[in-house]
Trainee: 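I have a structure I would like to understand better, so I am pasting it below and will then ask my questions one at a time.
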Amino acid sequence: MPSGPQDENTEVRQAPRARGRDILAGLNPGQLAAASHAGGPLLIVAGPGSGKTRVMAHRVAYLIGHENVPPWRILAVTFTNKAARELKERCEKLASGSAGQLQVFTFHGFCARVLRQDGEFLGLKPEFTIYDVDDQTRTMKRILEDLQVDTKQTTPSSVLNRISDAKNRMMSPEMFAERTDTYKDEVVARAYSRYQAALFNANAVDFDDLLLKVFTLLNEHPDVLVKWQDRYRYFLIDEFQDTNPLQFEVARLLASRERNICVVGDPDQSIYSWRHADPTNLHEFLRVWPDAKVVTLDQSYRSSQTILAAADAVISKNSGRLEKNLWTENGKGMPVALAEAYDEDEEARLVLDEAQRLVEKEGIPRREIAVMYRINAQSRAMEVACNRQGVPYRLVGGVKFYERAEVRDVLAYLRLVSNPADAAALDRIINTPSRGISERTVAELRRTSIVNNLTMLEAVFASQDEAGAGRGPLNMDLPARALKAVGMFGDLMKRLIEQSLVLQPTELIDLALDRTGYLTLLKDDQEKGEERTENVRELRGTAEQFTESQGGADPRENLASFLENVALVSDVDGMDRPGRRRVGVDPTTSVLSPSDGEISKSDPITLITLHQAKGLEFDAVFIVGMEEGLLPHSRSLEDPAQLQEERRICYVGMTRARKRLYLLNAFQRSFRGSRMASSPSRFLAEIPGALVSRRVVRNMGRQGNVLPDPVAVKHAASIPAPKVMSKPKLALASGDRVRHAMFGDGVVVSAREVRDDIEATVAFAGKGVKKLLLSFAPLEKVSVVKRDDPHNPLPEVAEPGLDGP
DNA sequence: GAATTCATGATTTTT
DNA sequence: TCATGAATTC
């Protein structure tokens with residue numbers, strides 16, 4: 001959710017400034033040292049729950065109240081809007097009166113602001129648009145097609161990834177082109193150059209550009225750098241382990257004169273390396289500012305001793321760490337509960353049963369209970385179980401509000417009005433709702449725009465000057481019918497642009513919806529029409545709120561800042577706001593019916609990915625899917641660096657818990673349609689036995705539709721697992737050739753007895769190595785390899801497809 | 001030019 | 001399993 005007006009517009013309350021002594025009251029020695037550090041570079045290494053935000057807020061208050069730093073001279077940078085909001089609130093409480101003028105931004109938000117003001121040095125007009133992934137992909141797809149590249153082999157997103165890499169290493173297209181050695185890079189180099197040209201023509205920047213352009217601006221325009229250095233004298237950077245080299249450089253440039261830079265981070269919580277985050281930036285910080293004061297906050301105020309020790313046992317297996325000695329005055333608490341369920345459905349039931357017990361017997365409110373998982377797909381089993389048992393939940397993530405087609409469509413109209421050069425927006429809506437403008441017609445418009453150096457919208461307007469018979473000055477090759485359709489679209493846009501001078505964003509949305517008949521189109525959609533209409537209404541509501549908060553400023557400025565706000569705001573930001581529907585990735589199974597709003601608001605449990613859980617805390621945390629291949633994720637298994645990151649992800653999850661931590665794994669799991677045996681995560685084995693309690697539940701087996709008998713579940717550990725299926729008759733040994741209905745032919749690598757089943761590891765030709773449970777996998781023995789053959793051959797590939805399912 | 005069917009491939013996602 | 005995009009058909 002957009003957070004409405006930011007920062008400077010907030011009303012300033014008048015109150016006496018707190019005195020230095022009061023400001024620092026209640027801090028522990030480390031916190032005190034960090035908060036009261038007067039000036040110069042400062043690195044704060046802050047373990048989970050060590051009061052990081054508290055210290056930052058106190059530090060700001062101290063600078064204002066004790067060092068007499070004017071609040072508008074302090075720039076605090078966070079990664080998320082939510083963190084920015086929280087920090088701001090905390091500061092305002094501590095230093096009421098002046099903290100309202102404190103500058104708290106996200107990295108991207110700050111850069112957008114700089115570019116709105118000074119982007120013209122780089123040829124950027126102030127109403128520039130911020131391209132998101134969808135816009136980027138559209139743009140890149142066109143370019144690759146244009147370059148005659150096969151977009152199946154070289155996907156737009158793979159090229160964009162390489163470009164993003166380059167940008168985060170501060171490489172321009174020219175620099176990139178100089179160092180290409182592979183064919184792919186040659187393609188990327190050419191695409192990069194065209195991509196930047198396309199963005200420039202559209203008066204647009206992507207997320208990386210926001211940072212890179214500011215870097216370039218400050219680097220190449222000394223007067224601009226000085227201006228911003230004059231403006232800000234003190235810098236704070238939150239979640240420093242998540243900064244990438246580009247962000248680091250921007251910060252370094254800004255702080256290079258006054259040297260008052262304070263960064264806070266925890267390298268053990270660096271889980272965004274795939275977004276170019278570079279945890280070694282902490283070392284880099286010390287290299288750049290060797291005289292930096294280093295403060296380590298190692299007292300945890302969050303987790304119990306046991307939870308802390310368990311988390312530490314896991315993270316300490318990582319190499320090259322900056323070791324911390326986390327400790328707490330909290331009690332020992334309960335052991336970490338490990339549990340193995342039969343499958344993901346039973347896993348979910350276990351979680352919900354225990355959650356219910358926590359609510360009833362231990363008085364923990366549901367909103368203090370979170371279920372965390374590595375991948376979003378895991379939420380499904382949890383959702384189904386919640387619905388079945390009537391447990392209210394909120395799902396964080398899923399399909400994001402601003403990524404929904406209908407929301408983007410409406411926004412695209414606004415974007416095109418605000419920035420008529422915005423090619424991606426035009427691309428999106430020129431035929432939405434369909435008005436008879438074909439792909440071919442769009443291509444012709446594009447050709448014309450390139451040849452005549454026009455924006456797409458200008459080409460649309462110009463097309464109407466093409467005389468009916470024969471061709472006009474632009475030599476456009478379009479049938480009359482297409483010209484007419486394009487004309488209609490042009491008229492619509494003309495009208496919207498004209499009205500944007502007097503209409504506020506909300507009214508503009510109304511006008512656009514009215515003129516395009518968009519809502520009528522949505523209503524025709526039987527399945528999702530209602531939901532989509534609701535989303536559009538919600539967007540309108542957001543615009544209305546925003547407009548009101550702007551207090552009647554110039555409509556076009558409001559429009560631009562509304563769009564910026566929307567572009568830089570993610571869904572997580574609205575997470576803790578009541579009333580926002582974020583439940584229901586799957587509308588057919590979710591509790592989206594009218595009652596849902598009520599339940600969710602009352603007291604839901606939280607379903608969330610481990611990544612998104614960073615920065616949050618709960619009384620009780622359940623981490624589900626503690627299995628090899630999930631956590632650590634299978635994609636990380638070969639690369640030690642990635643494996644270390646998986647460990648950090650696990651660590652982040654574990655340290656979210658205050659009182660109770662549950663780690664669950666399932667014996668088998670459905671994944672992409674097929675059931676597979678799963679083995680417990682290696683991370684589980686790393687937790688000392690003294691810290692855990694274990695149980696294995698094999699209660700429901702496959703009869704998963706029935707609600708569990710609570711008594712049975714309670715005593716499940718002591719009840720022998722019921723035989724759900726007959727024991728496989730097939731005895732397997734390594735080397736046996738087998739045939740599987742789906743994977744085709746393969747060779748048994750190993751086979752072992754697992755509880756009441758046999759788990760076979762089979763190498764399939766072309767499909768890789770799979771673990772299969774014999775009771776589920778329809779394996780057919782094809783031939784038996786001689787046991788005494790020392791060089792047991794890998795499968796001779798038999799032609800697949802002899803046996804359909 | 002739009003609707004339907006088919007193939008494909010699928011971590012995480014602060015902005 | 002299931003959502004997304006291209007190919008195919010109306």
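Here is the naming used below: chain letters follow the sequence lines, and residue numbers restart at 1 for every chain. Heavy atoms only: backbone and side chains are in, while hydrogens, waters and symmetry mates are out.
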Trainee: Rounded to whole angstroms, how far apart are CE on M372(A) and C1' on dT12(B)?
Mentor: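 Computing the M372(A):CE to dT12(B):C1' distance gives 15 Å.
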Trainee: What is the distance, rounded to the nearest whole Å, between atom CG of D242(A) and atom P of dT15(B)?
Mentor: 12 Å
Trainee: Could you say whether F207(A) or A482(A) is positioned toward the 5' end of DNA chain B, judged by the nucleotide with the nearest heavy atom to each?
Mentor: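 It is A482(A) whose nearest nucleotide is closer to the 5' end.
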Trainee: Look at the side-chain N and O atoms of T106(A) and state whether any lies under 4.0 Å from the OP1 or OP2 oxygen of dT15(B).
Mentor: no
Trainee: When only distance counts, do a donor and an acceptor, one from the side chain of R275(A) and one from the base of dT15(B), lie under 3.5 Å apart?
Mentor: yes
Trainee: Does D427(A) pair with R138(A) as a salt bridge, N-O distance under 4.0 Å?
Mentor: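 Result for this pair is yes, salt bridge flagged.
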Trainee: Does a side-chain N or O of Q612(A) approach OP1 or OP2 of dT12(B) to a distance below 4.0 Å, or not?
Mentor: no
Trainee: I'd like to know if D242(A) pairs up with R275(A) as an ion pair, taking the criterion as any Lys NZ or Arg NE/NH1/NH2 lying under 4.0 Å from an Asp or Glu carboxylate oxygen.
Mentor: no
Trainee: Is T516(A) reaching over with its side chain to a backbone N or O of Y518(A), donor-acceptor style, under 3.5 angstrom?
Mentor: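 Present.
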Trainee: Just to verify, what does E638(A) make a salt bridge (Lys or Arg N to Asp or Glu O under 4.0 Å) with, not counting sequence neighbours?
Mentor: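 Applying salt bridge (Lys or Arg N to Asp or Glu O under 4.0 Å) to E638(A) gives none.
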Trainee: Quickly work out the L610(A) CG to dT13(B) C1' distance and round it to whole Å.
Mentor: 14 Å
Trainee: Under 4.0 Å, heavy atoms only, any strand: does N431(A) hit a base, just the sugar-phosphate, or nothing?
Mentor: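 Counting heavy atoms under 4.0 Å across all strands, the contact made by N431(A) is with sugar-phosphate only.
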Trainee: 5'-most contact on DNA chain B: G109(A) or R440(A), nearest heavy atom basis?
Mentor: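 Closer to the 5' end of DNA chain B: R440(A).
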Trainee: Provide, to the nearest angstrom, the distance between the CG atom belonging to L568(A) and the P atom belonging to dT13(B).
Mentor: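 In whole Å, dT13(B) P and L568(A) CG are 19 Å from each other.
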Trainee: Could you state the CD1-C1' distance from I430(A) to dG1(B), rounded to the nearest angstrom?
Mentor: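 Checked: the CD1 to C1' distance equals 15 Å.
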Trainee: Measure CD/Q136(A) against P/dT15(B) and give the value in whole Å, please.
Mentor: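 Q136(A) atom CD is separated from dT15(B) atom P by 15 Å.
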Trainee: Would you mind reading off the distance between I608(A) atom CD1 and dT13(B) atom C1', rounded to a whole angstrom?
Mentor: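 From I608(A) CD1 to dT13(B) C1': 13 Å.
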Trainee: Salt bridge or not between R113(A) and E564(A)? Use side-chain N to carboxylate O under 4.0 Å.
Mentor: no
Trainee: Is the gap between the ring centers of Y272(A) and H611(A) under 6.0 Å?
Mentor: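 For Y272(A) and H611(A), the ring centres are under 6.0 Å apart.
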Trainee: Give each protein N/O atom lying under 3.5 Å from an N/O atom of nucleotides 5-11 of chain B, with the pair distance.
Mentor:
from	atom 1	to	atom 2	distance (Å)
dT11(B)	O4'	H633(A)	NE2	3.2
dT11(B)	O2	R374(A)	NH1	3.0
dT11(B)	O2	R374(A)	NH2	2.3

Trainee: In terms of relative ring orientation, are F240(A) and F285(A) parallel, tilted or perpendicular, with 30° and 60° separating the classes?
Mentor: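 Geometry flag for F285(A) against F240(A): perpendicular rings.
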Trainee: Phosphate oxygens OP1/OP2 of dC2(C): is one of them under 4.0 Å from a side-chain N or O of R380(A)?
Mentor: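 Indeed, a polar side-chain atom of R380(A) lies that close.
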Trainee: Please enumerate all protein N or O atoms sitting under 3.5 Å from an N or O of nucleotides 6-10 of chain C, with distances to 0.1 Å.
Mentor:
from	atom 1	to	atom 2	distance (Å)
dA6(C)	OP1	K141(A)	NZ	3.0

Trainee: Name the nucleic acid region contacted by G615(A), choosing base, sugar-phosphate or nothing; use a 4.0 angstrom heavy-atom cut-off, strictly under.
Mentor: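 Since no nucleic acid heavy atom lies under 4.0 Å of G615(A), the category is nothing.
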Trainee: Report yes if a side-chain nitrogen or oxygen of N81(A) is closer than 4.0 Å to either non-bridging phosphate oxygen (OP1 or OP2) of dT15(B); otherwise report no.
Mentor: yes
Trainee: Hey, does S434(A) reach any base, or is it just sugar-phosphate, or nothing, if we go heavy atoms under 4.0 Å?
Mentor: sugar-phosphate
Trainee: Centre of F128(A)'s six-membered ring, under 6.0 Å away, within 45 degrees of the axis: is that where NZ or CZ of R116(A) sits?
Mentor: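 Flagged: R116(A) positioned over aromatic ring of F128(A).
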Trainee: State whether R169(A) and D165(A) are salt-bridged, where the test is any N-O pair (Lys NZ or Arg NE/NH1/NH2 against Asp/Glu carboxylate O) under 4.0 Å.
Mentor: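 Result for this pair is no, no salt bridge flagged.
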Trainee: Rounded to the Å, how far apart are Y402(A) OH and dT13(B) C1'?
Mentor: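 Value for this atom pair: 17 Å.
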Trainee: Counting distance only, does the side-chain N/O of S681(A) pair as donor-acceptor with the main-chain N or O of L631(A) below 3.5 Å?
Mentor: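 Yes: the side chain of S681(A) pairs with the backbone of L631(A).
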